[in-house]
Amino acid sequence: MSEDNDSHTESFSASSNNSFVDVPSLADTLESHFSDVPGNFNVVHINAQSVPAHYSDMLATFDCKNIHAILVSESWLKPCLPSTSYSLPGFQLIRNDRASGGGGGVAIYLRPQIPFSIVDVSAQPPPPNAGEHLFLEVNLSHMKVLLGVYYSPSSRVNFFPSFDKILENLTPSYSHTIIMGDFNTCLLKNYSRSSLLQSIVQSSNLSILPSSATHHFPNCNPSLLDLAIVSSPQHVSKHGQCVADMFSYHDLIFLSYKIRPPKLKPKTLLLRNFSGMNIDNLRRDASSIDWNPLITTESIDEKVNLFTDTLVQLYDVHAPVRAVKLKHLPAPWLTDDVRAAMHKKAICKAKFKCRPTSSNRDLYVKARNHSNRVCRDAQRRHVHSSVENGDPAKVWKFLKSMGVGKSRQESLPKDLDIDSLNQHFSSSSLYSGTTKAATLNHLSNFPTPDHSVFNFSQFSDCDVKKSIVSITSNAVGSDCVSRKMILPVLDEILPILCYILNFSISKGVFPSIWKEAKITPLPKKSNPTTFSEYRPISILPFLSKVLERLVHNQLSAFLCKNSLLNPFQSGFRPGHSTTTALVNVSDDIRLGMDKGNLTVLCLLDFSNAFNTVDFDILLAILRSLNISPNVIDWFRSYLFGRRQRITIDEACSSWCYTSAGVPQGGVLSPLLFAIFINSISKKLLSFYHLYADDLQIYTQSPLKDLDAAIRVINRDLDSICEWSEAHGLKVNPSKTQVIVVGSSRLMPKVNWSQLPQVVFNGTAIPISEKVKNLGVWIDKHLSWGPQLQEVSRKIFASAKSLRRLRNFLPTATKIALAQSLLLPILDYADVSYLDLTEAQFDKLERLQNVCIRFIFGLRKYDHISDFRMKLKWLPIRLRRNVHILSLLYSVLFSPKTPAYLKERFKFLHDTHSRHLRSSENLRLEMPSHSTNYYDKSFTIQAVRLWNALPVSVRQAQTLPIFKNMVNDHYLSS
């Protein structure tokens with residue numbers, strides 16, 4: 001703490017010694033209430049009046065190990081605020097936020113060992129005459145108990161009919177019910193609201209626990225608003241209330257219910273002690289291993305098992321597995337001094353509430369400011385020590401624990417049937433045997449391609465080493481071999497590892513143990529109710545990924561050399577991306593507008609495409625590409641016989657074999673899927689573009705021929721439907737989108753009622769005003785208004801989650817966060833929508849200013865030009881120019897650049913020879929165009945910017961050098 005703060009602390013302590021009364025803190029009070037009933041289910045309710053504002057108080061207050069549930073009304077949490085930012089150690093947070101407007105919201109902090117499921121939540125935003133609620137079904141002592149929190153926003157809200165209906169629907173199903181909340185209905189008054197509430201509770205065979213006034217607002221009569229409602233008062237061993245002035249004018253209410261909650265089982269992880277091993281001794285023992293037994297065995301599975309067992313035994317000696325017990329530690333910055341300052345604040349506030357004199361108010365304000373300063377300084381020191389001079393991976397892990405970046409997924413229900421879920425993940429869609437046989441017969445009749453047959457080449461030690469180093473994941477697969485076990489002894493085991501991998505491809509067999517996947521299910525949405533609302537995350541053995549990457553490199557080179565992949569497939573290919581795909585499609589649309597045409601664009605959505613790839617069809621397609629029988633055998637072994645199981649903590653499901661689908665999480669999977677879907681475009685009449693399983697087709701026509709263009713789209717949709725059925729894939733018509741894009745002059749002239757419908761497999765697809773294509777919103781005029789709204793929403797949502805940390809993070813960390821989390825939102829595919837108005841560019845400029853203000857803590861109207869120069873950031877228009885030119889450079893000179901973009905550009909000398917970089921005539925030919933629509937395309941803008949560059953910049957030899965030179969060129973200007 002600075003000297004100023006130290007002096008302030010002394011002056012405050014001196015001035016407050018006489019007035020400070022040593023009374024127990026709220027945390028101590030709760031501890032004393034629950035210490036003699038640790039075996040009961042202990043619940044508290046607090047009207048928090050903003051969890052974010054009182055988070056420090058919650059950390060200090062709810063440190064009692066005997067509290068099992070904390071019910072919160074007026075949480076003031078918003079969907080954009082991650083749960084990790086406001087978690088309490090030893091609790092899981094279940095929320096129902098008020099989606100719009102201020103205030104409101106309810107939440108429950110529940111001990112993680114208590115199984116629960118959400119049975120009812122209020123709609124958000126809540127209807128005018130209804131409260132906000134969250135009801136859980138919790139399992140206690142083999143009984144299902146209804147636990148709920150309720151909040152009525154106002155004494156004028158008539159929530160009684162909806163509350164009555166909730167009780168009528170839920171309480172009969174449970175033998176025990178506990179409901180607590182702020183009902184904004186004073187039971188100390190004899191009036192209609194209190195009578196009606198008591199009548200509703202009694203009619204449901206529930207009881208309101210007696211209490212004195214819980215709400216104490218200055219200059220108002222105390223009122224009883226916060227209630228505890230239970231089904232069996234005889235099960236309540238104790239209940240009461242505590243003053244909680246640090247939160248709001250509401251008392252905290254509590255009860256202890258005579259049902260035994262499950263005990264918390266200490267969670268332990270079995271981890272290897274890598275930090276304690278002696279590297280020199282490890283390498284010495286690794287170099288002395290006798291691998292002859294492995295070499296003499298004839299089975300690939302035996303070789304891999306011997307290698308795995310030997311490596312595990314080596315590490316059992318040098319880095320043995322040990323049990324590490326996980327602990328729920330309190331906030332590390334919440335020291336005794338900080339707690340004392342917070343307690344003094346609470347005492348001064350209580351004294352001011354009892355005697356609201358000016359002297360007591362001054363004392364409270366001083367105590368509050370001192371407490372806030374102490375908390376802020378302690379948090380800042382903790383954050384600085386955690387992010388400064390730290391490993392980047394550890395820094396990001398720490399920042400994520402504070403809610404920075406993507407939120408962690410919701411916790412999984414305790415009663416989740418993992419065996420049934422695993423069956424759901426491993427099952428594939430039904431595929432007609434007759435249809436499959438016809439497709440296989442069709443593929444077998446393909447003529448042999450005129451290029452050479454593809455065979456595996458033996459891997460060199462250098463190849464294997466590059467593959468190992470390129471994989472950065474430390475996840476441990478089912479074979480218990482991780483990257484951390486390979487790298488320290490890589491030089492010693494590289495020859496034997498290379499031998500095993502070469503043996504696999506030479507014999508055409510993939511090791512069985514490397515075909516086992518550990519699955520972690522993640523919810524796609526909050527509170528999933530069906531198996532389809534979970535996403536499987538697969539963890540494969542590390543060495544299987546090494547072998548897959550080596551095979552991928554050889555197969556990809558073969559496909560590229562012989563131009564076998566669809567030229568308009570941009571998914572998972574070097575030099576290709578969603579940005580190149582969007583540039584191609586958007587420039588085609590602009591070219592159509594330049595010619596006075598309308599564009600009919602259709603975006604198709606395949607259902608679970610990667611998981612429904614048929615193995616036999618895929619192998620037949622590979623065979624048709626002139627791939628050798630030995631390689632086909634290897635791929636057959638790679639695909640068939642795979643199995644998976646779900647692993648959650650210490651629980652594991654039974655193994656299930658997968659009968660279809662490219663392996664989830666596999667290195668080869670995207671390339672294999674691209675090969676599988678390669679032929680979908682053969683019969684298409686329209687333009688098309690693929691990004692993995694995202695397919696877009698589009699055609700253009702004059703206004704008078706728009707109905708004919710839609711008929712072309714319908715014929716292509718029929719072809720896609722026919723291909724999908726033949727190959728066992730399924731298109732989801734409900735997620736397929738269609739839009740007609742054209743100039744503002746032509747679009748009003750379209751007679752929509754006379755147009756034929758767009759139909760896919762008998763389902764009519766409505767024409768939309770806007771569609772989302774590969775993460776970018778396209779509207780019917782190509783005005784980009786919806787896209788900028790989405791960019792703005794994401795920037796402000798992300799900035800809001802970061803803003804609470806702006807006073808705690810070092811500037812270097814804030815710069816890294818802005819560049820990692822905020823600027824990518826502005827930059828994503830920005831070169832695909834260059835035809836913005838000046839007002840739209842100004843809006844993007846303001847969004848960039850949000851990032852700069854976050855870094856330097858600037859206010860809304862502070863000038864930011866000097867701060868932008870400190871960062872060496874370009875204004876948004878020039879920043880886009882750098883992106884345009886960087887992509888153009890790759891298009892012109894990279895051998896892996898998309899052909900569909902390369903053909904758009906032509907040097908004035910009509911040659912692409914690299915020796916032209918020494919020529920001052922390294923200029924591009926300007927494509928002809930008639931209107932301003934195409935003038936704002938990537939193609940035209942790129943040529944214009946390129947030709948305006950100094951010759952020295954255009955002659956840059958590599959892309960990184962070129963980027964730096966362009967950036968310096970614009971900064972200097």
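All values derive from a computational prediction rather than experimental measurement. Numbers here simply count residues along the sequence, with the first being 1.
A distance-only check finds no donor-acceptor pair linking the side chain of N732 to the backbone of D605 [under 3.5 Å]. Without hydrogens or angle criteria, R868 side chain to I852 main chain gives no donor-acceptor distance under 3.5 Å. A donor-acceptor pair is defined here as one N or O able to donate and one able to accept, closer than 3.5 Å; no such pair exists between the side chain of S894 and the backbone of V891. Of the possible donor and acceptor atoms, one in the side chain of T439 sits under 3.5 Å from a partner among the backbone N and O of A726. Between the S624 side chain and the L443 main chain, no donor and acceptor come within less than 3.5 Å of each other. Looking at H883, its side chain never comes within 3.5 Å of a backbone N or O of Y828 through a donor-acceptor pair. Put simply, the side chain of T580 never gets that close to the backbone of H576: no donor and acceptor are under 3.5 Å apart. In this structure a side-chain-to-backbone donor-acceptor pair under 3.5 Å is present from S890 to S886.
Residue pairs satisfying the ring-ring contact (aromatic ring centres under 6.0 Å, His included) criterion with at least one member in residues 732-763, sequence neighbours excluded, are absent.
R877 has its side chain within reach of E838: a pair of non-hydrogen atoms, C-beta onward, lies under 4.5 Å apart. The side-chain heavy atoms of R880 and Q941, taken from C-beta on, include no pair separated by under 4.5 Å. In this structure the side chain of L888 never reaches within 4.5 angstrom of the side chain of L945, judged on heavy atoms. Residues M747 and V740 form a side-chain contact, since some pair of their non-hydrogen atoms from C-beta on lies under 4.5 Å apart. Counting only heavy atoms from C-beta outward, the side chains of V741 and K780 never approach each other to under 4.5 Å. Contact annotation: the side chain of L555 approaches that of I627 to within less than 4.5 Å [non-hydrogen atoms, C-beta and beyond]. Side chains of P927 and R904 form no contact here, defined as non-hydrogen atoms less than 4.5 Å apart. Residues K561 and F454 have side chains not in contact (no heavy-atom distance under 4.5 Å, counting atoms from C-beta outward).
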Inset, instruction - Just do the side-chain contact (heavy atoms from CB on, under 4.5 Å) check on L717 and L604 with the steps written out, would you? - result: CA-CA 9 Å; L717 290 177; L604 291 98; 3.7 Å; yes
Inset, instruction - Might you work through the side chain to side chain donor-acceptor pair (under 3.5 Å) test for S783 and D779, ending with a clear yes or no? - result: CA-CA 7 Å; S783 66; D779 64 298; 2.6 Å; yes
Inset, instruction - Using the salt bridge (Lys or Arg N to Asp or Glu O under 4.0 Å) rule, take R715 and D718 through it: C-alpha gap first, then chi angles, then the decisive distance, then the call. - result: CA-CA 5 Å; R715 284 199 294 271; D718 291 339; over 6 Å; no
Inset, instruction - Decide side-chain contact (heavy atoms from CB on, under 4.5 Å) for I680 and I720; before the verdict, give the C-alpha distance in whole Å, the side-chain angles of both, and the deciding distance to 0.1 Å. - result: CA-CA 7 Å; I680 194 172; I720 293 169; 4.2 Å; yes
Inset, instruction - Quick one: do W946 and Y889 satisfy side-chain contact (heavy atoms from CB on, under 4.5 Å)? Show the steps, please. - result: CA-CA 9 Å; W946 175 267; Y889 185 96; 4.2 Å; yes
Inset, instruction - Take I677 and F606 through the test side-chain contact (heavy atoms from CB on, under 4.5 Å) and record every step on the way to the result. - result: CA-CA 11 Å; I677 203 173; F606 286 92; 4.1 Å; yes
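Shown are T599, D588, D716; of these, the side-chain hydrogen bond (donor to acceptor under 3.5 Å, both in side chains) with Y698 is made only by D588.
Q787 CD to Y833 OH: the interatomic distance, rounded to the nearest 0.5 Å, is 4.5 Å. Separating the NE2 atom in H969 from the CG atom in N881 is a distance of 9.0 Å, to the nearest 0.5 Å. The CD atom of E903 sits 8.0 Å away from atom CG of N584, with the distance rounded to the nearest 0.5 Å. Remark: N714 CG to L685 CG distance equals 11.5 Å, nearest 0.5 Å. Atoms CG and CG, from L559 and L671 in turn, are 5.5 Å apart once rounded to the nearest 0.5 Å. One finds the CG atom of N678 at 7.5 Å from the CD atom of Q569 (value rounded to the nearest 0.5 Å).
In summary, the side chains of T931 and D594 do present a donor paired with an acceptor at a separation below 3.5 Å, with no hydrogens or angles considered. There is a side-chain donor-acceptor pair under 3.5 Å between H929 and D935. Side-chain contact, T530 with S532: a donor N or O sits under 3.5 Å from an acceptor N or O. Between T763 and N761, the side chains place no donor N or O within less than 3.5 Å of an acceptor N or O (distance only, hydrogens not considered).
F572 and A692 make their closest contact through CE1-CB, 3.6 Å (heavy atoms, listed as atom of the first residue, atom of the second, distance). Across all non-hydrogen atoms, the minimal contact from H552 to V667 is CD2-O, 3.8 Å.
Residue K78 places its NZ atom among more than 12 non-hydrogen atoms of other residues, nucleotides or ligands, all under 6.0 Å distant. The number of heavy atoms from other shown groups lying within 6.0 Å of CZ (F610) is above 12. Residue-environment remark: CD (Q757) stays at or below the threshold of 12 foreign heavy atoms within 6.0 Å.
Because its NZ or CZ atom is not both nearer than 6.0 Å to the ring centre of Y970 and within 45° of the ring axis, R879 does not count as a cation-pi partner of that residue.
Ring geometry for H442 against F446 counts as perpendicular: the plane angle is over 60°, on a 0 to 90° scale with 30° as the lower cut.
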